[in-house]
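First up is the structure itself, then whatever we jot down about it.
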Amino acid sequence: KSDAFIQSLKEELAKNELSEKVNLVSTGCFGLCAQGPIVIIYPEGVFYHQVKPKDAKKIVEQHLMKGELVEKLLYHDHETQEIINKLMDTPFYHKQKRVALRNCGRIDPEKIEEYIAFDGYQALSEVINNCSREDVLEILKASGIRGRGGAGFPTFMKWSFAKESPSDQKYVICNADEGDPGAFMDRSVLEGDPHAVIEAMAIAGYTIGATQGYVYVRAEYPIAVKRLRIAMEQAQKVGLLGENILGSDFSFHLDLRLGSGAFVCGEETALLESIEGHRGEPRPRPPFPAVKGLFGKPTIVNNVETYANIPQIILKGPDWFANIGTEKSKGTKVFALGGKIQNTGLVEIPMGTTLREVVEEIGGGIPDGKEFKAAQTGGPSGGCIPIEHYDIPIDYDNLLEIGSMMGSGGLIVMDEDNCMVDIAKFFLEFTVEESCGKCVPCRIGTKRLLEILEKITLGKATMEDLDKMEALCFHVKENSLCGLGQTAPNPILSTYHYFKEEYIAHVVEKR
Ligand code: SF4
């Protein structure tokens, strides 16, 4: 849709001899997907939403040439119906804080000079010129940043283990194999701000003593791949990647590896196998990758969002970051907000924001006046959050406590019409399909679980089947080799815990 509009805008600008006078910039995602495509006119900051190719003529002739707003295309707040001219003034952004997404929608991701103009590569320069490797670890420790890929492991600890592991070669890896259904956080960062990830990976290389990095990115993200390639070439050209970065004795090389769509390759040891050219199957741990990872060498694997935070932490200081969020979960978290919600899109909230604030204030509520029923975080590894926890501050520990998890950031909202057994079945179908088959509890166990769920939804299950299902969930969780199997039963367990009556309503004896 955006491409068609851009093409039409180019034609209109050319027709009116404005091509040289108007700077047309294609940015990454603004986050407000429900209102896209969006075009912002600077310097006034007015934005038009849901633009179509035919709107380009009006925008050029009326706004650019006569200076008059095209009222019909301006964004309208649902409640007040007042015309709001500035994108960041809309309710969608009021409770958000953009750290990882700071440049998405703001810069042209294909121009390194735009990234540099917004403090890009300053953190790398600061680290190389003024920090020891220990200093960087201290900064990360004081900031409290934890990995954004799902488990929430403290980043400084992972980097310390790799730094302390002696080796002639070490590696830095970016896990951009985002596979959760409905999740597109990493994709948006890579498409909107690829240099932030490259800069952070170079900082990681400096800190742990690695000279080689890999971005493992899904081949299904062609724009992200293209922009990463462009960004890497540009960084290389101006001495920010490669040999003797910024004239120092630190060298860091970066390559891309494309994933082929296997969900399990998002598991870090399977990802390492895949980069090594093997079938993407998880390895037993320990040893952990920070000690023995890619090609048997110390390796850190962090996800896109974790890296996107690092340059800002270095530049603004650990206290700035630690002051955002809750006691044990610092900073912000990006969520892909989807499902039964007005404002589907990409949101970045300070840790500790409640689910109610996300759904009602940022998300604009549930469509058609329906009631909120639950939200699923963490995709197929996570669990549902019911209305009784609507006001729980979202952070790593609170979500675990109520049987869900942060995961990488999928947040799917469900309303009164959703059947929770169907939700559990949807996610389990996904994990059965994506199980690599290496270990029995996951390969066979998830399949048996799915069979029981099918029986339940067909109205053929008994209470005994429900008991069997619950027991099998714990067995699969405790005995599977990797995170995929260990978390696969979560959607069943959490829906069964909070919505047991819906399972029982399907059971034969109760009919
Ligand atoms: Fe493969 Fe599942 Fe076992 Fe992980 S838990 S190794 S995905 S079979």
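Atoms within a ligand are numbered from 1 in the order they appear, just like the ligands themselves.
For atom 3 (Fe) of ligand 1, the set of nearby N, O or S atoms under 2.8 Å includes none belonging to Cys436. Distances from atom 4 (Fe) of ligand 1 show that Cys482 has an N/O/S atom below 2.8 Å. In summary, an N, O or S atom of Cys442 is located under 2.8 Å from atom 2 (Fe) of ligand 1.
Ligand-side atoms of ligand 1 in range of Gly437: 1 (Fe), 8 (S), range being under 4.0 angstrom from any heavy atom. Against a heavy-atom cut-off of under 4.0 Å, Ser480 is close to the following atoms of ligand 1: 5 (S). Heavy-atom contacts of Lys438 reach the following atoms of ligand 1: 1 (Fe), 6 (S), 8 (S) (cutoff under 4.0 Å). Distances below 4.0 Å separate heavy atoms of Pro282 from the following atoms of ligand 1: 4 (Fe), 6 (S). Close contacts of ligand 1 with Ser435, meaning ligand atoms under 4.0 Å from a residue heavy atom, involve 2 (Fe), 8 (S). Near Gly485, meaning under 4.0 Å from one of its heavy atoms, ligand 1 places the atoms 5 (S). Residue Val264 approaches ligand 1 through these ligand atoms, each under 4.0 Å from one of its heavy atoms: 7 (S).
Of the inter-residue distances, the one linking Ile208 atom CD1 with Phe161 atom CZ reads 13.5 Å to the nearest 0.5 angstrom.
Within the 4.5 Å cutoff, the side chain of Asp193 has heavy atoms near those of the Arg102 side chain. Looking at Glu110 and Ser26, their side chains never come closer than 4.5 Å, going by heavy atoms from C-beta outward. Inter-residue side-chain proximity for Arg133 and Trp159 is flagged as unmet; no heavy-atom pair is nearer than 4.5 Å. In this structure, the side chains of Cys174 and Val304 come closer than 4.5 Å at one or more pairs of heavy atoms.
Side-chain contact check for Gln234 and Tyr115: no donor-acceptor pair (N or O, by modelled atom type) lies under 3.5 Å.
In terms of protein heavy atoms, atom 3 (Fe) of ligand 1 is closest to Cys439 SG, 2.3 Å.
For Glu388, the CD atom sits in a packed shell: over 12 heavy atoms of surrounding residues, nucleotides or ligands are nearer than 6.0 Å.
The pair Glu470-Lys500 does not meet the salt-bridge criterion, since no charged nitrogen lies less than 4.0 angstrom from a carboxylate oxygen.
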